[in-house]
Amino acid sequence: MPDTKVLKLVPKTQAEAAKPVAPAEQKPAEQKAAAAARPAPQAAPARVDQHAAKPARAPEPADRPKLSPEEMLQIYRTMYLSRRLDDKEIQLKNQNKIFFQISGAGHEAVLVAAGMVLKPGYDWFYPYYRDRALCLQLGMTPLEQLLSAVGAEKDPNSHGRQMPSHWGHKKLNIVSQSSPTGTQLLQAVGCAEAGYRFKLIKELDKRAANFQKDEVVYVSLGDGTSSEGEFWEALNTACNLKLPVLFLLEDNGYAISVPVEVQTAGGDVSRLVENFPNLYLQRCDGTNAIESLQTMQRAVDYCRQRKGPAFVHAKVIRPYSHSLSDDERLYRSDEERTTDAERDPVKRFGALLIDEGVADQAGLQKIKDEIDATVNQAADAALASPQPAPETAKLYVYSPTVDPTAKDFDTEDGAQLTGNAGTMVDLINRCLHTEMARDPRVIVFGEDVADCSREESLDKVKGKGGVFKVTANLQRKFGSARVFNSPLAEANIVGRAIGMATRGLKPVVEIQFFDYIWPAMHQIRNELTLLRWRSAGDWSAPVVMRVPVGGYLKGGAVYHSQSGVSTFTQIPGLRVVYPSNALDANGLLRTAIRCDDPVLFLEHKHLYRQAYNKSPYPGDDFMIPFAKAKTVREGKDLSIITYGALVQRSVVAAKQAEQQGIGVEIIDLRSLAPYDWDAITATVKKTSKVIVAHEDSLSFGYGAEIAARISGELFEYLDAPVARVAALDTFVGYAPQLEEAILPQASDVLAAITELHSY
C-alpha cells in the first residue's frame, strides 16, 4: 500500500496560528472570557436534522495540509474501497454467503484521516465496528476483511471466531475488539498506562522493546456508547494521568434507532466533556476528509507531546442501517436520509478532486473499476478459504504454553517451613512481596490498596495497605509506580488491567469485596476471559483478581457476605481458586501470579486471621498447582468434598461424628476451576457415600455440578444419593442469629453426616 503517513503540512508557526485553543490549554482569564462568549446550553433539539453538521468551510490555503495529487488520490481510493467492501458484504449477506454485516459507511473520511496520522505497528488501536476505513488505511487488506466476513480460519481479526468488523491484527497493533459497546475504552487507557508505568519502573528499561516514547493509543466509539459509564471512567483516568489516548467520537446521530438528543443531555457529547482537565478537545466535520486530517493531526501531535489525552468529536453520517438486522426506514424520515446523503464523504471528496483538477470523471471511474475488480477477486478468494476445523473449538480457551496444573507448579511436598506461624493475611502479603521482587512486571492496584497515595505523608502515617491490610507496605517497598490506588470503580480496575496485561505487565488487582465485583462483570466475562480465545491466541491478558469473599462475619449482612462462586466457575478461560488456610493461600497465589491465564483468587474474609489455619513460611518458590485437592482428613465411611470456610466446619463435624463411630474423609478442593476430579473419584470409590458442602446457596450452586458429575460418572460406586450442605436460598442477614440460620454451620454438616451414614 502506498505510504501516506508522512504529510506535507504547513509550517508549524502557521499551523499554531490556525489551531483552535482547547479548553485545557486556555489560561484562566481566557477560559472565563470563552465561557462568557459561549452560548448558553439549550434544550435537546426536537428535530434530528438539527444534529447534522453544516458543511464546513473549505480550509484556507494557510491552514490546509499540502497534499500531493498522489496523496489525494490515495485518500479517495481508501475511502471508496471501504465503501465497496461494505457493499460487497451486503451483497454476500443477501446471497446467504455470509452471516452478518455491519458497515462503516459515512465514517470513511475521518477514519482515513486518523490512519494517515497514526502509525501501524507503532501506535496502538482499539477501534469499534465502524472503523473499516481506518483498518484499511493502517494496512489491513480487502481479503483480510472479507476473510472475517466469511468466517475463515485465516482471518487475522479473529480466525473465524467473531462477527465481521470486530477488528484485530497482531502485526498492526490492532487489539482484538468485541461486541459490547464501550468495553474497549478502559482497555485502551490501560494500554497507554502500561507505557506510562514502564517509564517509571527502572527495572523494566530493558524489557520495553515494544514501547515507543511518543506512541499514541487510539480508541473510537459511537455517540451511543458515550452513554456507557465506562466511557466516563476512561476519560477520568486518562485525564488524571495525562495519558496519550486519542478518543475519536464518530457521531452519526444514532445509536441504532435512538437519536443523540435522546441519548445525551443537550444532544452534544463534547459539550459535556470539555471541562475535563488536560483534555484537548476538537470538533470537526467527519465527512470532510481535509478538515478531518487537520483535526486528527493536531490531536495526535498533542498526544505525542505527552500533554494528555485528546478528544475528537467528528460529525459523520450513517447512510445505511445500523446493520443488516436493522431497517432505518422504520424510524428515519426520507427527508432526513436525503439530507445525510448530501454529505456523503466519498462523493464529497470525489467532487473535490474534480473541482481542484486532481482528477476528472474518467480518472475517478478508472479508480472505481480497479477497486471493484480488487474487491470481487478478494471476495472470491475469501469464499474459497476454509473455515476453522470443528476440533479447534477448544483451542486457546487457556494458555497453550503455560499449564498451572503441571508438575512445574508443584513444590508442595518439598517445602521447608520456617519462622513463626503467620495468618492467611501474613502469607498472602509475603507472597506479594516476594513475587514483586522477583518480577518487576507485577503491579498491584485497586481501591485503598496503597499505603498512602499522598507520598509526602508516607513517613507520617502508618499506612492503609487495603481494608484488610493484605497489601500493607507494598507501596513503601516497591513505590507508587507499582502499587497505587484506583478510583472507586470496579470496571475501571479490571478494564485497565486488561490493557496493561496486553502490553506485558502482570497486574494483580484487588476488588475490595466480592459483593461489589458486579460492575466489572462485563470486563471479566466478555473481555478478560475471552480475549485469548476470540483472537485464537493472538492476544491475552493474564490478570490476577484478588477478591475478599464470604460471610460468617457477625455483621457482614447482605453486601459483605456474598459467595456466588458458581457465576464465575462456569466462565471458560477463567481460573478460580479458593484457599482455606494460610499455607495454601501462599502457594496458590504464587501459582496464580506465575501462570498465564486470568485468575480469580478468592480470599475468605473470615479465614484471614484465624489461629487454626496459620502456617510458618514455606519459601519463596512454594507453589501449589491448580486442580490439586488436599485430603484434610482420612476416613472410610463417607466423604465430604468442600472448600473455603466449610473445610474447618466439616473438620469440627467430622470429629463429632467420630465419637459416633463414623469415619469421615474430607477433601479440600482448593481450586474450583479447574478442580481435581481424580481426587474426587478416589474418595468416592473409597467410601461410596459423598456430601458436597459449600457456603453458597444450595440451588444452582457449585456443589450441584460436582454432585451431578459424581452421579453421572461414578454411579456404580455409590451406596447412597449424593448429599449437599449449603446456605439457604436467600441472602445473608445482619443479625447474628439470622446469619447463623442462613449460612451452613458445623451442626448442619454433622446432621448430613449422620443421615447419610444411616442410609
Side-chain angles (χ1 to χ4, degrees), residues 189-190 192-205 207-208 233 236-238 240-243 422-490 492-501 503-513 516 520 542-548 585-586 589-590 592-594 599 601 603 605 608-609 617 620:
V189 170
E193 188 176 353
Y196 165 79
R197 299 205 176 273
F198 257 84
K199 291 178 182 178
L200 296 175
I201 302 170
K202 295 180 180 179
E203 299 90 338
L204 292 178
D205 285 345
R207 302 194 191 189
E233 293 179 24
N236 182 47
T237 295
N240 205 19
L241 298 178
K242 297 180 65 174
L243 298 176
T423 65
M424 184 182 285
V425 167
D426 295 332
L427 266 64
I428 291 174
N429 179 269
R430 192 159 179 184
C431 177
L432 290 170
H433 270 87
T434 59
E435 288 304 293
M436 292 190 75
R438 185 188 71 89
D439 185 353
R441 299 178 309 122
V442 177
I443 59 173
V444 173
F445 67 99
E447 299 163 20
D448 298 300
V449 301
D451 293 307
C452 181
S453 288
R454 293 174 175 168
E455 290 186 309
E456 66 274 13
S457 299
L458 266 176
D459 295 335
K460 306 173 185 177
V461 297
K462 185 176 181 180
K464 183 72 175 176
V467 296
F468 297 103
K469 306 298 290 182
V470 179
T471 55
N473 295 315
L474 288 176
Q475 180 194 7
R476 292 184 192 275
K477 175 70 174 178
F478 299 103
S480 299
R482 296 183 64 192
V483 184
F484 49 94
N485 287 327
S486 72
L488 201 158
E490 288 75 16
N492 179 287
I493 295 169
V494 178
R496 287 164 64 193
I498 295 171
M500 293 183 206
R503 299 295 303 277
L505 291 174
K506 184 71 183 191
V508 181
V509 301
E510 179 179 304
I511 303 295
Q512 196 167 86
F513 289 94
Y516 307 133
V543 174
V544 178
M545 298 173 288
R546 292 183 38 258
V547 187
N586 182 275
L589 180 58
R590 189 168 286 107
I593 294 172
R594 296 189 188 184
V599 180
F601 192 84
E603 303 167 5
K605 302 186 292 292
Y608 266 152
R609 291 181 170 84
Y617 186 64
D620 292 353

Return all side-chain donor-acceptor pairs below 3.5 angstrom for residues 454-467, not counting sequence neighbours, or 'none' if the list is empty.
from: E455; atom 1: OE2; to: S480; atom 2: OG; distance (Å): 2.4

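Minimum heavy-atom separation, A592 to V544: O-CG2, 3.4 Å. Summarising the geometry of N429 relative to A472, their closest heavy-atom pair is ND2-O, 3.0 Å, with the distance given to 0.1 Å. Contact detail for A489 and E447: the closest heavy-atom pair is N-OE2, 3.6 Å. Heavy-atom minimum distance, A520 versus V494: CB-CG2, 3.8 Å. Closest non-hydrogen pair, R197 versus A481, comes out as NH1-O, 3.1 Å.
With Q475 contributing its side chain and C452 its backbone, the two residues share a donor-acceptor pair below 3.5 Å. For K469 (side chain) and V425 (main-chain N/O), no donor-acceptor pair under 3.5 Å exists by modelled atom type. A donor-acceptor contact shorter than 3.5 Å is absent between the side chain of R546 and the backbone of F601.
Taken from CG in L427 to CG in L589, the straight-line distance is 10.5 Å, to the nearest 0.5 Å. Atom-to-atom distance recorded for I428:CD1 and T423:OG1 is 8.5 Å, nearest 0.5 angstrom.
Two residues are said to be in side-chain contact when any heavy atoms from C-beta on lie closer than 4.5 Å; R496 and L241 meet this criterion.
Sorted by first and then second residue, the salt bridge (charged side-chain N to carboxylate O under 4.0 Å, His left out) pairs with a member in residues 430-446 read R207-D439, E435-R438, E435-R590, E435-R594, D439-R441; sequence neighbours excluded. Listed by first and then second residue, the ring-ring contact (aromatic ring centres under 6.0 Å, His included) pairs that reach into residues 454-476 are F468-F513, F468-Y608, sequence neighbours excluded.
Remark: D448 engages Q512 in a side-chain hydrogen bond (donor to acceptor under 3.5 Å, both in side chains) (not counting sequence neighbours). Considering only residues two or more places apart in sequence or on other chains, A501 meets the side-chain contact (heavy atoms from CB on, under 4.5 Å) condition with P507, A541, P542, V543. Remark: T237 engages N492 in a side-chain hydrogen bond (donor to acceptor under 3.5 Å, both in side chains) (not counting sequence neighbours). With sequence neighbours excluded, the residues that form a side-chain contact (heavy atoms from CB on, under 4.5 Å) with K199 are R306. Shown here are the side-chain hydrogen bond (donor to acceptor under 3.5 Å, both in side chains) partners of E490, two or more places apart in sequence or in another chain: there are none. Under the rule for a side-chain contact (heavy atoms from CB on, under 4.5 Å), the partners of N485 that lie at least two apart in sequence or sit in another chain are V449, A450, S453. Evaluation of the ring pair (Phe, Tyr, Trp, His ring centres under 6.0 Å) rule for F445 yields F484 as partners, not counting sequence neighbours. Y196 pairs by the ring pair (Phe, Tyr, Trp, His ring centres under 6.0 Å) definition with nothing, not counting sequence neighbours. Listed by chain and residue number, nothing satisfies the ring pair (Phe, Tyr, Trp, His ring centres under 6.0 Å) test with Y617 (two or more places apart in sequence, or in another chain).
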Determine whether H433 and N473 satisfy the following criterion, side-chain contact (heavy atoms from CB on, under 4.5 Å), listing intermediate values before the conclusion. CA-CA 9 Å; H433 270 87; N473 295 315; 4.3 Å; yes
Let's go through V508 and L432 carefully: what are the C-alpha distance in whole Å and the side-chain angles of both, what is the deciding distance for side-chain contact (heavy atoms from CB on, under 4.5 Å) to 0.1 Å, and is it a yes or a no? CA-CA 9 Å; V508 181; L432 290 170; 4.0 Å; yes
Decide yes or no on side-chain contact (heavy atoms from CB on, under 4.5 Å) for L505 and F198, but give the supporting numbers first. CA-CA 9 Å; L505 291 174; F198 257 84; 3.3 Å; yes
Residue pair R482, V444: steps toward the side-chain contact (heavy atoms from CB on, under 4.5 Å) verdict: CA-CA 6 Å; R482 296 183 64 192; V444 173; over 6 Å; no
